[in-house]
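I have placed the structure first, in the form of structure tokens, so that the comments after it can refer back to it.
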Amino acid sequence: MKRTVGLGLIAGAVLIWAVMAWGSEKNPLNLGKAAGAGASQPLRVTAQELEADNKNRVITFRGKVEARQGGLFISADMAQVFYEKKEEGNEIREVVATGNVRVQDGERFATGQKAVFANAEQKITLTGQPKVWQGKDMVSGERIIVLLNEEKSFVESGPDRRVEMILHPKGDGRPAKGNP
């Protein structure tokens, strides 16, 4: 069953997706509550379709999903927000973005085929040839896991893919002493 949902619910869902991407909020997030850096900036979300399934507690955005708030930009083919009904309001359980996932915030940029944010664990998992760049520096692997509360990241290899990291020197471009 398709239903139209209020702008606050949609904005909250997408804002949570945006916040989870870079971990600017360390506490569990609640659907519809503005949190994190940039929350005072206008949020614009576009998609070809929005479906709110209140019975199964999932909101699905389909078709060229794009969200922009301040300097943060997120796109995917589809995004689903799974939530639980609580006495004080709806709470996000999990956010899953799939298909050509791209997240950009200034010099930080991530790509993959799937991004999963587990709210209770405050954990982000990127799969599907995930890569993360900061400026020119890049890391990739089979799976990239970010534990927001612990400020830790793990990059895992797979049977056919090793972890790769490329770091560029930060100096003035001159070779180090002793190197030609």
Side-chain angles (χ1 to χ4, degrees), residues 13-29 35-38 41 43-48 58-82 92-176 179-180:
V14 176
L15 178 61
I16 288 166
W17 182 32
V19 169
M20 70 89 181
W22 296 113
S24 60
E25 176 64 53
K26 301 293 185 196
N27 300 319
L29 303 169
Q41 296 286 324
L43 173 66
R44 180 176 180 172
V45 181
T46 60
Q48 291 176 329
V58 61
I59 300 169
T60 304
F61 297 90
R62 286 189 191 90
K64 298 182 183 177
V65 180
E66 294 182 349
R68 183 180 303 275
Q69 184 173 38
L72 181 67
F73 176 78
I74 301 168
S75 67
D77 294 339
M78 183 175 76
Q80 292 184 295
V81 179
F82 299 89
I92 295 291
R93 181 172 43 87
E94 184 175 74
V95 178
V96 179
T98 56
N100 301 305
V101 177
R102 298 170 55 98
V103 181
Q104 185 169 4
D105 185 17
E107 285 191 350
R108 295 178 291 186
F109 184 71
T111 62
Q113 288 303 307
K114 186 174 185 180
V116 177
F117 170 62
N119 189 29
E121 299 171 273
Q122 290 290 286
K123 178 172 93 172
I124 301 167
T125 304
L126 293 166
T127 56
Q129 300 182 340
K131 292 183 180 181
V132 178
W133 290 266
Q134 173 123 11
K136 293 180 181 179
D137 300 339
M138 187 274 302
V139 64
S140 68
E142 186 75 19
R143 183 164 64 167
I144 299 173
I145 300 168
V146 180
L147 302 175
L148 299 173
N149 286 340
E150 299 176 38
E151 297 183 25
K152 287 184 181 180
S153 298
F154 301 92
V155 181
E156 298 175 355
S157 65
D160 299 320
R161 185 176 180 130
R162 293 172 44 99
V163 171
E164 178 181 14
M165 177 179 261
I166 300 172
L167 298 173
H168 291 84
K170 302 292 184 212
D172 58 7
R174 292 183 289 176
N179 291 335

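Residue numbers count from 1 along this sequence.
Of all the heavy atoms in Val139 and Val155, the pair that sits closest is CG2-CG2, 3.7 Å. Residues Thr98 and Lys114 come closest through the heavy atom pair CG2-CG, 3.9 Å. Of all the heavy atoms in Ala76 and Val101, the pair that sits closest is CB-CG2, 4.1 Å. Closest approach of Ala110 and Val132 over heavy atoms only: CB-CG2, 4.1 Å.
Among residues at least two apart or in separate chains, salt bridge (Lys or Arg N to Asp or Glu O under 4.0 Å) pairs with a member in residues 124-144 are Asp137-Lys170, Arg143-Glu156.
To the nearest 0.5 Å, the span separating CG on Leu147 from CZ on Phe154 amounts to 5.0 Å. Note that CZ of Arg102 is 3.5 Å distant from CZ of Phe109, once rounded to the nearest 0.5 Å. Atom CZ of Phe82 sits about 13.5 Å away from atom CG of Asn119, to the nearest 0.5 Å. Separating the OG atom in Ser140 from the CG atom in Leu126 is a distance of 12.0 Å, to the nearest 0.5 Å. Atom CZ of Phe117 is separated from atom CD of Glu94 by 10.0 Å, given to the nearest 0.5 angstrom. Taken from CZ in Arg68 to CD1 in Ile74, the straight-line distance is 10.5 Å, to the nearest 0.5 Å.
A donor-acceptor contact shorter than 3.5 Å links the side chain of Arg161 to the backbone of Gly141.
A donor-acceptor contact under 3.5 angstrom links the side chains of Gln80 and Thr60, judged on distance only.
Proximity of Met138 to Glu164: side-chain heavy atoms (C-beta onward) are separated by under 4.5 Å at one or more points.
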